[in-house]
Amino acid sequence: MPPPSTYDMIYAIVKHIPRGRVATYGQIANLANLGGHARQVGYALNALSANTRMPWHRVINAKGEISIRKDPQCEHRQRRLLEQEGVVFDERSRITLARFGWKPRRGPRRS
DNA sequence: TTTATGGCTGTCA
DNA sequence: ATGACAGCCATAA
């Protein structure tokens, strides 16, 4: 069987993002051995099926904001999904990565 | 096969 | 802190 494709790796990482937490494209790209090329991550997510169960909405850009695609409405929808998971946006529509940023690894247990 | 695009990132001012 | 520029690579036509 052939090795996993780049998209598969990305999907695997995104699937592992816990609920109520968000990860940046660079974060996923790094975990996916992409070497930091976050772009492919975004494309992979965009290539997902509409009925996929992939938590693509938990993936955001390094600025902590929701990346804009072709449809500005997607931004609104993604934000809605995140809020539904408990993620909070500030006035700038930005997420506090320090708080909601997904920390892979056993992670330092927060108090 | 080549060409064009694309949900980004990091650095500089 | 924000704004602007260039670079990298895989997928789809």
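Below, chain A is the first sequence line, B the second, and so on; all start at residue 1.
- Among the atoms of the strands shown, base atoms are found under 4.0 Å from some heavy atom of A:Leu45.
- Of all nucleotides listed (B:dG10, B:dG7, C:dC9), C:dC9 comes nearest to the side chain of A:His37.
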Please lay out, stage by stage, how A:Glu75 and A:Arg79 fare under the test salt bridge (charged side-chain N to carboxylate O under 4.0 Å, His left out). CA-CA 6 Å; A:Glu75 182 181 334; A:Arg79 173 173 176 169; over 6 Å; no
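- Distances shorter than 4.0 Å separate some side-chain N or O of A:Arg92 from OP1 or OP2 on C:dT2.
- Without hydrogens or angle criteria, A:Asn61 side chain to A:Gly64 main chain gives a donor-acceptor distance under 3.5 Å.
- Shown for residues 28-36 of chain A: no residue has heavy atoms falling under 4.0 angstrom of DNA chain C.
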Bracket notation of DNA chain B in which parentheses pair within the strand, [ ] cross earlier pairs, and | pairs with another strand (Watson-Crick or G-U, under 3.5 Å): .|||||.||||||
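- Spacing between atom CD1 of A:Ile66 and atom C1' of B:dC8 amounts to 15 Å, rounded to whole angstrom units.
- Rounding to whole angstrom units, CD1 of residue A:Ile68 and P of B:dG6 are separated by 12 Å.
- Separating the OH atom of A:Tyr25 from the P atom of B:dG6 is a distance of 14 Å, rounded to the nearest angstrom.
- Atom-to-atom, CD of A:Glu91 to P of C:dT2 comes out at 14 Å; the value is rounded to the nearest Å.
- Across all strands, A:Val41 comes closer than 4.0 Å to no nucleic acid atom at all (heavy-atom distances).
- A:Gln78 comes within 4.0 angstrom of a nucleotide base, judged by non-hydrogen atoms across all strands.
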Tabulated below should be each protein N or O lying under 3.5 Å from an N or O of nucleotides 11-13 of chain C; please produce it.
none

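- The distance from atom CZ of A:Arg39 to atom P of B:dC8 is 8 Å, rounded to the nearest whole Å.
- Judged by distance alone, the side chain of A:Gln78 and the main-chain N or O of A:Val59 form a donor-acceptor pair under 3.5 Å.
- Nearest heavy atoms, A:Tyr25 versus A:Ala38: CB-CB, 3.4 Å.
- The CZ atom of A:Arg69 sits 11 Å away from the P atom of B:dC8 (whole-angstrom rounding).
- Atoms NZ (A:Lys63) and C1' (B:dC8) sit 8 Å apart, rounded to a whole Å.
- Closest to the side chain of A:Asn46, out of C:dG7, B:dG10, B:dG7, is B:dG7.
- Taking atom CG on A:Asp90 and atom C1' on C:dA1, their separation rounds to 13 Å, with Å as the unit.
- Using a 4.0 Å cut-off, some side-chain N or O of A:Arg94 falls inside it from OP1 or OP2 of C:dT2.
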